[in-house]
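Down below is the structure, laid out as structure tokens.
Counting convention: from 1, in listed order, for ligands and their atoms alike. Positions are given from 1, in the same order as the sequence printed here.
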Amino acid sequence: MKAIGQDTLKTRRTLTVQGKNYEYFSLPEAAKTLGDISRLPVSLKVLLENVLRFEDGSSYKVDDAKAIAGWLPSAHSDKEVPFRPARILMQDFTGVPAVVDLAAMRDGITRLGGSPQKVNPLVPVDLVIDHSVQVDVFARADALQKNVDIEFERNAERYRFLRWGQDAFDNFRVVPPGTGICHQVNLEYLGQCVWTGEADGKAIAYPDTLYGTDSHTTMVNGLGILGWGVGGIEAEAAMLGQPIAMLIPDVIGFRLTGRLPEGATATDLVLTVTQMLRRKGVVGKFVEFFGPGLDQLGLPDRATIGNMAPEYGATCGFFPVDKVALDYLHLSGRDEHRIALAEAYLKAQGMFREPGAPDPVFTDTLELDLSTVQPSMAGPKRPQDRVLLKDVAASFKADLTKGLGVPANEAGTSVKVEGKNYELTHGDVVIAAITSCTNTSNPSVLVAAGLVARKANAKGLKPKPWVKTSLAPGSQVVTEYLDKSGLTKDLDAIGFETVGYGCTTCIGNSGPLDDAIVDAIEDNRLVGAAVISGNRNFEGRVHANVRANYLASPPLVVAYSLLGKVTADITTEPLGTGNDGKPVYLKDVWPTNKEIADVVASSLSRDQFLKRYGEVFKGPKQWQTIAVDTGSDTYRWVDSSTYVKNPPYFEGITMEPPPVGDVKGARILAELADSITTDHISPAGSIRKVSPAGDYLLERQVLQKDFNSYGARRGNHEIMMRGTFANIRIRNEMLSNVEGGMTKHLPDGEQMPIYDAAMKYKAEGVPLVVFGGKEYGTGSSRDWAAKGTFLLGIKAVIVESFERIHRSNLVGMGVLPLTFKEGTDRKSLGITGEEIIDIIGLEKAITPRMDLSLVIHRPDGKTDTVPVTCRIDTVDEVAYYRHGGILQYVLRGMATAA
Ligand code: SF4
């Protein structure tokens with residue numbers, strides 16, 4: 001991968017910062033050719049810089065730069081441009097398969113006669129292990145230690161592997177378990193606003209941009225760093241230096257005015273923003289914030305708003321860098337020279353937000369006066385369902401018999417909990433969790449939670465005994481300032497001991513509830529409630545037994561733990577009775593904005609960031625003492641592991657890719673309807689006992705209770721390919737009245753699981769195809785939907801239309817995406833699943849979007865031939881396909897370079 005392109009537009013210039021020279025690709029210079037671009041949204045200027053820097057006449061063209069400049073004046077475009085981020089951020093769930101592929105590439109390059117040491121990420125990768133810790137132990141002084149111990153025991157296989165990766169790869173850093181949450185670590189430490197590299201022996205400066213393998217990567221948009229969550233294959237492609245094509249998006253401008261009023265928090269603000277943007281409809285669009293309200297909005301508040309871009313549906317929620325961002329860089333311990341570079345570079349590029357400068361041109365705008373934001377929560381099922389705090393009780397009661405489906409005659413059910421001295425009823429809060437990078441990155445709301453705890457504690461209040469309480473900071477800096485302000489003691493005193501530094505309840509790792517509470521809920525179909533400072537609350541996300549989930553600010557989480565229910569109006573009813581026998585109300589424990597600001601100002605400092613991030617890659621003793629196999633540049637795969645396996649992508653690889661041939665004699669593995677999602681293709685939930693994946697685990701003496709989910713086993717292709725098309729809701733039209741991942745093996749007609757049939761065909765040497773309808777592969781981008789398709793032996797997927805990312809993922813795995821011509825589809829062609837299929841035309845040179853011939857051999861001996869469009873869309877994709885996939889393409893390139 002070349003660090004820079006050929007600079008046809010001659011925009012390369014030099015910037016001198018504190019005596020050091022940096023080369024950069026100047027937007028003002030580009031404007032001399034492209035026309036006035038000063039009022040492009042800053043987020044699009046970042047895309048334009050990417051094109052200028054990499055323009056090579058092939059993957060990146062001058063026309064791409066013109067297309068971005070041409071977004072003005074209509075503020076819309078239907079053109080695609082390539083984008084290559086500066087770096088990659090991963091979390092452990094999604095990062096493991098990427099590291100597995102890198103390790104497999106090292107084996108592959110050895111087969112090609114190259115050196116394994118040459119296989120490394122080509123752009124910097126940071127993997128933060130944050131998704132695995134659970135709240136097993138809580139409200140105890142030793143909760144943190146116990147939970148870390150259990151986490152290491154549970155995840156030994158995966159951690160051993162990642163620990164090896166930490167030592168083995170260049171350009172790859174692992175932030176160990178127990179350190180923090182990926183997005184908060186990114187905000188507080190990894191993100192730099194302006195990144196630097198080297199080309200021709202000179203330092204190059206460019207915007208810090210990233211892809212993350214987690215949807216809330218957008219949190220760092222609050223710091224002016226453009227990035228968003230992508231699926232595993234895009235992340236791997238980017239990690240290996242490949243550009244990803246993207247539509248030049250519409251950009252919605254969100255104008256902020258005023259300032260937050262007394263009593264309203266950043267959480268109330270983000271829930272308001274989420275509701276507004278959901279109503280607007282911003283799916284697939286960028287959102288960029290502007291207006292005078294930005295001057296009143298602290299950096300952590302911006303990050304909280306950026307974080308929830310997936311909840312409002314946008315690709316990103318971007319805040320351009322300004323003085324507030326520079327101040328935050330200083331506070332959080334960033335290198336002073338880098339801060340000076342960021343300021344100089346972004347000003348030179350017209351990317352720095354100056355108060356009073358003309359507003360950018362946007363596709364559309366909406367506006368919020370911050371002073372109108374009111375205390376709220378969102379729930380019980382969706383983040384956009386914001387309810388004013390004073391209305392929560394009434395809204396829950398209304399929801400109980402509607403959305404939550406409790407019969408009216410059961411709405412008043414109250415049951416004694418076995419062995420306890422209390423009863424439970426609908427709407428009792430059983431989980432109160434201060435969780436999620438969304439909020440734990442924001443000192444104001446955490447200090448507010450601590451102050452509520454302090455005041456409640458002083459009055460002698462305690463959480464209700466049925467509430468599971470927890471505090472899971474997103475970084476150790478939180479502990480520093482809570483300790484310094486003395487608030488740790490107050491939080492501990494009311495059960496909010498720190499349980500771990502990780503996602504915990506936010507990702508659903510809320511841990512077990514008391515058995516007696518679970519029995520009471522299950523036996524009486526009670527709707528238990530959770531109040532958490534997370535960002536997602538769909539049913540089942542927080543805990544299997546908790547159906548009503550409210551998103552709220554950390555101080556409200558503490559307040560609801562005291563109240564113990566969502567059925568009382570927390571603004572008017574007492575939280576409990578104080579030591580003096582008098583009722584204590586929310587207003588009695590709620591801190592003023594000034595109290596919060598004073599504590600933040602006196603307890604948060606640059607030295608805390610420097611101290612905690614000075615040892616960010618060290619990890620707890622359990623991490624440091626993992627025995628690492630340093631004797632080999634390739635990973636010594638452990639045969640008995642059911643979590644990490646060497647995938648077969650490079651078996652038999654040769655230096656020259658074999659010639660591309662037509663597909664002949666293929667059987668149809670499945671015939672599917674419209675809107676097949678990636679979740680249909682590659683389920684993420686639990687593994688059923690009666691399934692090929694269940695059989696695999698049982699055969700290896702894994703008990704059903706230890707099956708874990710498909711998500712946790714993403715590092716094992718054997719499990720994932722057995723799960724492909726195994727969704728219990730998928731319907732294969734080749735079978736009537738059968739739901740689940742079944743098919744018919746032909747010509748014998750035997751009905752069997754799709755995986756079993758695919759393996760039988762493989763043994764017989766029969767290639768496979770899949771037919772589908774419209775919007776094939778919609779839903780969140782999931783790498784295993786394409787990888788599993790490839791591993792089953794499917795050569796082509798033939799549909800009416802594809803979801804954009806899944807189509808490119810299929811090409812990335814060497815699977816042909818084909819679309820029917822207008823007016824034809826599987827039904828009009830009379831496909832029943834019994835046909836034999838040829839795909840002709842591949843032996844000639846492949847060109848983007850060329851026509852191929854689909855030959856349909858019918859069971860009655862007739863043959864029909866129809867044209868289809870080959871949806872290999874770019875010259876880069878042609879190369880990937882010719883090599884059998886993107887990994888093989890990059891590997892051969894590395895081997896040649898070696
Ligand atoms: Fe995602 Fe929640 Fe973890 Fe943040 S804390 S990375 S939002 S799961």
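- Ligand-side atoms of ligand 1 in range of C503: 3 (Fe), 5 (S), 6 (S), 8 (S), range being under 4.0 angstrom from any heavy atom.
- In this pair, F172 and F169 present their aromatic rings perpendicular. The plane angle is above 60°, beyond the 30 to 60° band.
- Contact record, C182 with Q91: SG-CB, 4.1 Å, taken as the closest heavy-atom pair.
- Aromatic ring orientation, Y159 versus W623: perpendicular (interplanar angle above 60°, classes split at 30° and 60°).
- Residue contact check for ligand 1: G534 places no non-hydrogen atom closer than 4.0 Å to it.
- Among all non-hydrogen protein atoms, the one lying nearest atom 6 (S) of ligand 1 is H183 CD2, 3.3 Å.
- Within the 4.0 Å heavy-atom criterion, neither part of T435 lies near ligand 1.
- Using a cut-off of 4.0 Å between Lys/Arg side-chain N and Asp/Glu carboxylate O, E480 and R612 are scored as salt-bridged.
- The pair D136-R154 counts as a salt bridge, with a side-chain nitrogen and a carboxylate oxygen less than 4.0 angstrom apart.
- The atoms of ligand 1 that sit less than 4.0 Å from any heavy atom of C437 are 4 (Fe), 5 (S), 6 (S), 7 (S).
- Within ligand 1, the atoms closer than 4.0 Å to a non-hydrogen atom of I181 are 3 (Fe), 4 (Fe), 5 (S), 6 (S), numbered from 1 in the order shown.
- With respect to the salt-bridge test (charged N to carboxylate O, under 4.0 angstrom), the residues K787 and E236 qualify.
- Counting the atoms of ligand 1 from 1 in the order shown, those under 4.0 Å from a heavy atom of I507 are 8 (S).
- Taking every non-hydrogen atom of N535 and a distance limit under 4.0 Å, the qualifying atoms of ligand 1 come out as 7 (S).
- Using a cut-off of 2.8 Å, one finds that C506 contributes an N/O/S atom close to atom 2 (Fe) of ligand 1.
- For K146 and D149, the salt-bridge test fails: no basic side-chain N is under 4.0 Å from an acidic carboxylate O.
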